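Here is the structure we will look at.
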Amino acid sequence: MTFDLIVCGAGIVGLAHAYVASRLGLRVAVVERDHHAVGASIRNFGFVTVTGQREGATWQRARRSRDVWAEVAQACRIPIVHRGLWVLGLRPGSQAVLEAFCQTEMGAECQLHDAASAGRLAPALRTQHAQAAMYSPHELRVESREAIPKLAAWLAEQHGVTFCYGESVLEVDAPRVRTSRRVLHGGRVVLCPGADLNGVAGATLGAFGLKLTRLQMLRVRPPAGFRLPAAVMSDLSLVRYAGYSALPQAKTFAQSLQVDEAESLQHGIHLIAVQSEDGTLVVGDSHHPDSAATPFTSQRVDALILRHMQEALAIDQHEVVERWAGWYPVGHADDCLVAAPDPAVRVVVVTSGTGASTAFAIAEEVSRTW
Ligand SMILES: Cc1cc2nc3c(=O)[nH]c(=O)nc-3n(C[C@H](O)[C@H](O)[C@H](O)COP(=O)(O)OP(=O)(O)OC[C@H]3O[C@@H](n4cnc5c(N)ncnc54)[C@H](O)[C@@H]3O)c2cc1C
């Protein structure tokens, strides 16, 4: 029960720290309060997004993490369900944003298409009335609810990481870590509690004034045989994802969306659609910062998300097969908060919807600078 590193939380951020440390030959334990991870890391799209991430550290971390995901997925036999991203510009003004993005360093390897060319390359998209469509080659998609348990099992079996499930970390006084079942000893302790802002890391996180945002998600069955060529986003993503929204052209576009799509914007909706091996689509999402604590989801919000899906995808019928909500912390200027309450302790919280895309690089940075 003595380790070089004790990790609190078996979401992707905790697993990434366990992976990086075990590759350095350290003895690692991961303590997870649930019987398996059920937080944001399995509720997300499994969309490892590079294009559209905030310029600078987040974009760099996403590029690095995408490469680590590719290595790890191969080693753990996690299928990469699809690669790349189509961003459809459907409303006037979207083309200017996509054109401007393609001129940036981040857009250098992306391709801009007109409606006819996008329709030929991606017939699953509803491109007839598109102003423009951009293809990014950088992204990966994994099925998170299967990938996270596979990654944890592989860390246990191949890297000797000890997992303590169904056990809460209650108190850290390094090297002593008191859990709901015992006392562990760790030379270093990293707390990756995700959306649990008031728990074991509450004393540290309290100073940062973080809040939670709540997201609604759906799983949709399209007609048999429908295949997405890549992940899909559309207009509203151009004013939500910082890699686009920081462009001057996006400010103008946002003004026109305020007129045409006020209700969707009010619910923080933008479209992401990805596909699973069984053909179903994971579709979302909305963002409700002010009602983060409520577990009740809204049918009106789901209907708006589905309308954006139908605008972008060439499907006439669909069946909703699952609905769920997820939470992540927001309120830190960077997309990630790393705090050091003690020389032997780090608290690592991703403060935007980017942890699946950046966790491996964050863990490498924490390890390198500690
Ligand atoms: C609906 C949704 C969609 C998203 N889509 C994407 C996406 O497509 N791409 C992307 O990059 N990001 C996406 N994100 C964001 C991404 O999922 C998160 O940034 C990431 O999963 C955060 O990982 P985490 O390990 O910090 O948190 P979590 O996955 O929440 O894990 C934290 C873990 O810590 C455990 N824990 C907390 N306190 C204790 C304690 N005291 N003792 C023991 N265990 C404890 C919890 O039980 C939990 O399992 C999405 C998020 C949501 C909610």
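Both ligands and their constituent atoms are indexed starting at 1 by order of listing. All of these numbers come straight from a predicted model, not from anything done at the bench.
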Counting both backbone and side chain atoms, is some N or O of Gly355 under 3.5 Å from an N or O of ligand 1? yes
Same apolar cluster (I L V M F W Y, side chains within < 4.5 Å links), Ile305/Phe226: yes
Residue pairs fulfilling ring-ring contact (aromatic ring centres under 6.0 Å, His included) with at least one residue in residues 47-81, sequence neighbours excluded: Trp69-Phe360
Looking only at distance, does Val169 have an N or O less than 3.5 Å from an N or O of ligand 1? yes
When only distance counts, is Asn44 in polar contact with ligand 1, meaning an N/O pair under 3.5 Å? yes
Side chain or backbone, does Arg43 bring an N or O within less than 3.5 Å of an N or O on ligand 1? no
For ligand 1 and Leu215, I'd like to know whether there is a polar contact (N/O to N/O, distance under 3.5 Å). no
Parallel, tilted or perpendicular, as decided by the 30° and 60° cut-offs, for the rings of Phe208 and His332: perpendicular
For ligand 1, find out whether one of its N or O atoms is nearer than 3.5 Å to an N or O atom of Arg33. yes
Does Glu32, backbone or side chain, put an N or O under 3.5 Å from an N or O of ligand 1? yes
Look only at interatomic distance and state if Cys8 has a nitrogen or oxygen under 3.5 Å from any nitrogen or oxygen of ligand 1. no
If you measure every N or O of Ala195 against every N or O of ligand 1, does any of those distances drop under 3.5 Å? no
Are Arg91 and Glu311 ion-paired here, with the side-chain N under 4.0 Å from a carboxylate O? yes
For Ser357 and ligand 1, does the shortest N/O to N/O distance drop below 3.5 Å? yes
May I ask you to say whether Glu322 pairs ionically with Arg145, meaning some side-chain N is under 4.0 Å from a carboxylate O? yes
Option among Gln53, Arg61, Arg54 that satisfies the side-chain hydrogen bond (donor to acceptor under 3.5 Å, both in side chains) test with Asp335: Arg54
Under-4.0 Å salt bridge between Arg346 and Glu365: no
